[in-house]
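Following: one structure in structure tokens, then a few remarks.
Chain letters run A, B, ... following the sequence lines, proteins first and then strands; every chain starts at 1.
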Amino acid sequence: MRARRKGRDLTSVVDNTAQIGAGDILLFCTFRNEDVRLPFFLDYYRKLGVDHFLMVDNDSSDGGRAYMAQQPDVSLWATKAAYGEARYGMDWLSYLQGRYAHGRWALTVDVDEFFVYPFCDTRPLRALADWLDASEVRSFGAMMLDMYPKGPVGETRYQKGDDPFAVANWFDPGNYTISRNPLLRNLWIQGGPRARQFFANKPKQAPALNKVPFVKWQRHYAYVSSTHMMLPRGLNLVYETQGGEKTSGVLLHAKFLNTFHDKAAEEAARGEHYAAGQEYKSYADRHGSDPDLWCAWSEKYINWRQLEVLGLMSKGNWA
Amino acid sequence: MTLGVVMLVHNRFERAAEMVRLWADAGCPVVVHVDSNVEAQVYDGFVKTLDDLPDVRFSKRYRCEWGTWAMVAATQDAVALLLEDFAEATHVYLASGACLPLRPVAELCTYLDRHPDTDFIESATTADVPWTVGGLDRERFTLRFPFPWKKRRLLFDRFVRLQQAVGFKRRIPEGLVPHMGSQWWCLTRQTLEAILGDPRRGLYDRYFKRVWIPDESYFQTLVRLHARRIESRSLTLSKFDFQGKPHIFFDDHRELLSRTNCFVARKIWPQASLLYRSFPRAPDPALAAAEPRTGSVDRLFSHAVDRRTLGRPGLYMQSRFPTQNRQNGFAAAPYAVLHGLDAVIPDFKTWLTRQTGATVHGRLFGKDRAHFADDSTIYRGALSDSARLRDYNPQMFLTNLIWNARDTHHCFQFGPEDHQKITTTLADDTMASIWVISGAWSVALYQSGWSASDIRTEAARLQRIEDKFLQTLRSSHARARINIMTLADFVEAPMEVLQAIIDDIAGHRGTALTDVPQMVDLTGLPSFLQDLKNQGMHPFLTGDITTQQVDQTPKSRRRKPYIVSGK
């Protein structure tokens, strides 16, 4: 209902949805002033095997909209409505998901999130989707992993089309804490460099890292808070409670680049993000200057197998 | 000899057509069964793409719902058609559209030639194999299954339970011994003709129509009546996961598959184009006589099942979060909690590291911060020493610490001065070995130089906290290895205790202690404790320490033989 109302905020810019085939894998994403990130983003997900991109431009003032409008496999909508009031863009995406993703696999990510799953270097998303279908799994969990450079974040120079993980290729391997949310049955994961550096004195407010980005969509599904949790709540059971491991992936989070500082200042002023942009305020206040998230125990990113060995994600029974 | 192929197809027609062509090009007559669920248009198109092949037939179509008789009926008809139309066929290979020959078909024919009169079919008695999913093995043959398992699971389960409850049992036809095995077989013409032409076939068919998943038992059972020689194994490599679903092979399995020397593998992912390009491999005289070996594939998939069902103990992550009562130990590796030792032996940490080579942390749960072994602010795994972060989720702080460095044996100091939220976890963890010197907190108070009256409140507080910890350790759910002694006990025989700790941590590597750690001078402790008592605060956890015990004058006491005692 809510999503349908919010759907009215959207105006279609380019509608290529007629191309969407029955078994296609769709990607849903909202963006705002991310022109510099879009080329690599599209490239990455095309290589992974996304068939069609359904994008919502939230009032960008850079060239992002024009760039996306030219892409053959992108359908683009635009809105000037407030991000926060639309549950951080989820209302818009829910509307589009309900309309286009019913019965298909939908990947919902931000422009700075890059999906990694077991065997992603040799098997396309279609293989994962087919395997999940065969195993009768409806939703696939992927924890967000904050990636950062060695040295001050502001000193990186990210250019259009660059692989962000050429520079931001470090992460925290083993400091994540988990608790269960009894209401929606999801796990609540916190930790990583942000908890360690920005939230050591208020750990409860550290950002949530649990995500369920890949879902065999049904009309009545909905994300509750960003892609952290879903309804119906059975979709949040992407973890095993009897001791085994379910198959899971990781969303590499390319937030900490030189683009971060401007973004933090902008978002803090806008106050549209979670809890009125508290997270962004925290960055801007305390580390507005230039944080260096690297430490002696940071791990340098190699591939998904490394994340699997470290226990950040799991192959489960996919072999 | 001529090998005929019966192929069951229900989807992915492009790949299936490729496979039909592949078998036919190798000189095999092929009979294809297409599920009647498939639309006429698709079926006609499929037939048309193959109409240039003279030795391909299409058999009568059945609606094959998973686990039902129709699969067997379809196979029977197709086999009959093949035997009739192709008199030269000496063997029949049952395959599906998702089966891919890994070796040249000619090598398979040679192999069959080398094993004359042999039927290759996996066939095992139900009593002997734990393969089945859902717990129905023997009962497959003795209950009735009118409801489809995939679509009406609840009804299926309830009806099974009802039959179990009332003790219903079908009679198995005389002479039949139920056998089960892989659906994919290769049988000789003679055996198949005997099965299909058996005068009692009507009786058997009626019986198997009501058996659950008859495609895994019909031929497997009947072959035992007619075969001359059975090789109970399938020539098709096909593995099942813990849900009973076939594992799927992808491009990155190419090396693995080629090493198996199996003749046929399934299921192949239809878009695994590298596999479809690579197999069947080119004829290779060096490998022509190779025996199929599935060891490496078995290992890979059984490892995957273990991952899914057992997981990595001590790991807590986004897709593994076991509930507490589902596991014995919380941590990934054994560790030791040393309560109060650092109060009596000032340099205990360094000494213990030297003696055992273990990773010896300081007060890991100190109120100020986590004191890691190297006293750094960030430890392995990028674990912060911040007390607030740690206390936000102390259990995961501990499990993270040990998971991150599970290659070493961790020890840490503990005491009533520390943050106590972790105590229940420690007590319940079978991985923990807890050594407690109760009342050791009194040593620091005594050393502080303050008078008993000044610190009486503090002493009472520490004693209360420690007592609570001891109660936790003595509770019925405590599963750690726990050793509790009073300060008095320890002072009586410190070397025995230290030796026991060393042996516990270092195991067989522990050696007899030669290097004796320096203990705090406790000469004045008895009178200090007496003073506390006089103040009305009874330090009951210290035990009764006498002046003789703490006398530091030459130790002539001979070392007693060391005895390990349990909890």
Pair Glu245(A)-Arg312(B), salt bridge (Lys or Arg N to Asp or Glu O under 4.0 Å): steps then yes or no: CA-CA 8 Å; Glu245(A) 297 173 24; Arg312(B) 291 167 273 185; 3.0 Å; yes

Give, as side chain, backbone, both or neither, the part of [X] having an atom under 4.5 angstrom from any heavy atom of chain A.
X         : result
Thr309(B) : backbone
Leu389(B) : both
Arg406(B) : side chain

Where do [X] and [Y] come nearest, in terms of heavy atoms and distance?
X         : Y         : answer
Gln190(A) : Tyr392(B) : OE1-OH, 2.6 Å
Ile378(B) : Arg196(A) : CD1-NH1, 3.5 Å
Trp269(B) : Pro124(A) : CH2-CG, 3.6 Å
Gly174(A) : Asn404(B) : O-ND2, 2.8 Å

Largest heavy-atom contact set with chain A, pairs under 4.5 Å, which of Ser384(B), Gly381(B), Ser386(B):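 That would be Gly381(B).
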
Residue selection (most heavy-atom pairs with chain A, distance under 4.5 Å) from Pro313(B), Ser376(B), Ala382(B), Pro246(B): Ala382(B)

[atom1]-[atom2] distance between [X] and [Y], expressed to the nearest 0.5 angstrom:
X         : Y         : atom1 : atom2 : answer
Phe119(A) : His253(B) : CZ    : NE2   : 6.0 Å
Lys267(B) : Asp130(A) : NZ    : CG    : 10.0 Å
Phe321(B) : Ile189(A) : CZ    : CD1   : 9.0 Å
Ser179(A) : Gln395(B) : OG    : CD    : 11.5 Å
Tyr316(B) : Leu187(A) : OH    : CG    : 12.5 Å
Asn175(A) : Phe397(B) : CG    : CZ    : 10.5 Å

Arg320(B) and Lys246(A): CA distance, side-chain angles, deciding distance, side chain to side chain contact (heavy atoms under 4.5 Å, CB included) verdict: CA-CA 7 Å; Arg320(B) 181 184 201 269; Lys246(A) 288 192 179 177; over 6 Å; no

Residues Met317(B), Met143(A); criterion side chain to side chain contact (heavy atoms under 4.5 Å, CB included); working and verdict: CA-CA 9 Å; Met317(B) 47 90 79; Met143(A) 174 184 130; over 6 Å; no

Listed partners of Tyr276(B) passing ring pair (Phe, Tyr, Trp, His ring centres under 6.0 Å), at least two apart: none

Atom group of Asp172(A) that falls short of 4.5 Å from chain B, counting heavy atoms: both

Interchain contact, Glu299(A) with chain B, by part (heavy-atom threshold 4.5 Å): neither

Enclosure of [X] [atom1] (heavy-atom neighbours >12, cutoff 6.0 Å):
X         : atom1 : result
Lys367(B) : NZ    : yes
Arg46(A)  : CZ    : yes
Glu14(B)  : CD    : no
Lys421(B) : NZ    : yes

Side chains of Asp252(B) and Thr122(A), donor plus acceptor under 3.5 Å: yes

Quick check against the 3.5 Å criterion: does [X] have a side-chain atom that pairs as donor or acceptor with the backbone of [Y]?
X         : Y         : answer
Asn317(A) : Ala304(B) : no
Ser319(B) : Tyr239(A) : no
Arg307(B) : Gly244(A) : no

Contact residues of residues 307-316 of chain A (partner chain B; heavy-atom separation under 4.5 angstrom):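 Result: Glu308(A), Val309(A), Leu310(A), Gly311(A), Leu312(A), Met313(A), Ser314(A), Lys315(A), Gly316(A).
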
Among Val238(A), Ile178(A), Val250(A), Asn186(A), the one residue meeting side chain to side chain contact (heavy atoms under 4.5 Å, CB included) with Gln318(B): Val250(A)

Between Phe301(B) and Trp318(A), ring centroids under 6.0 Å: no

Closest-packed option against chain B by number of heavy-atom pairs under 4.5 Å, given Gly141(A), Ala127(A), Cys295(A): Ala127(A)

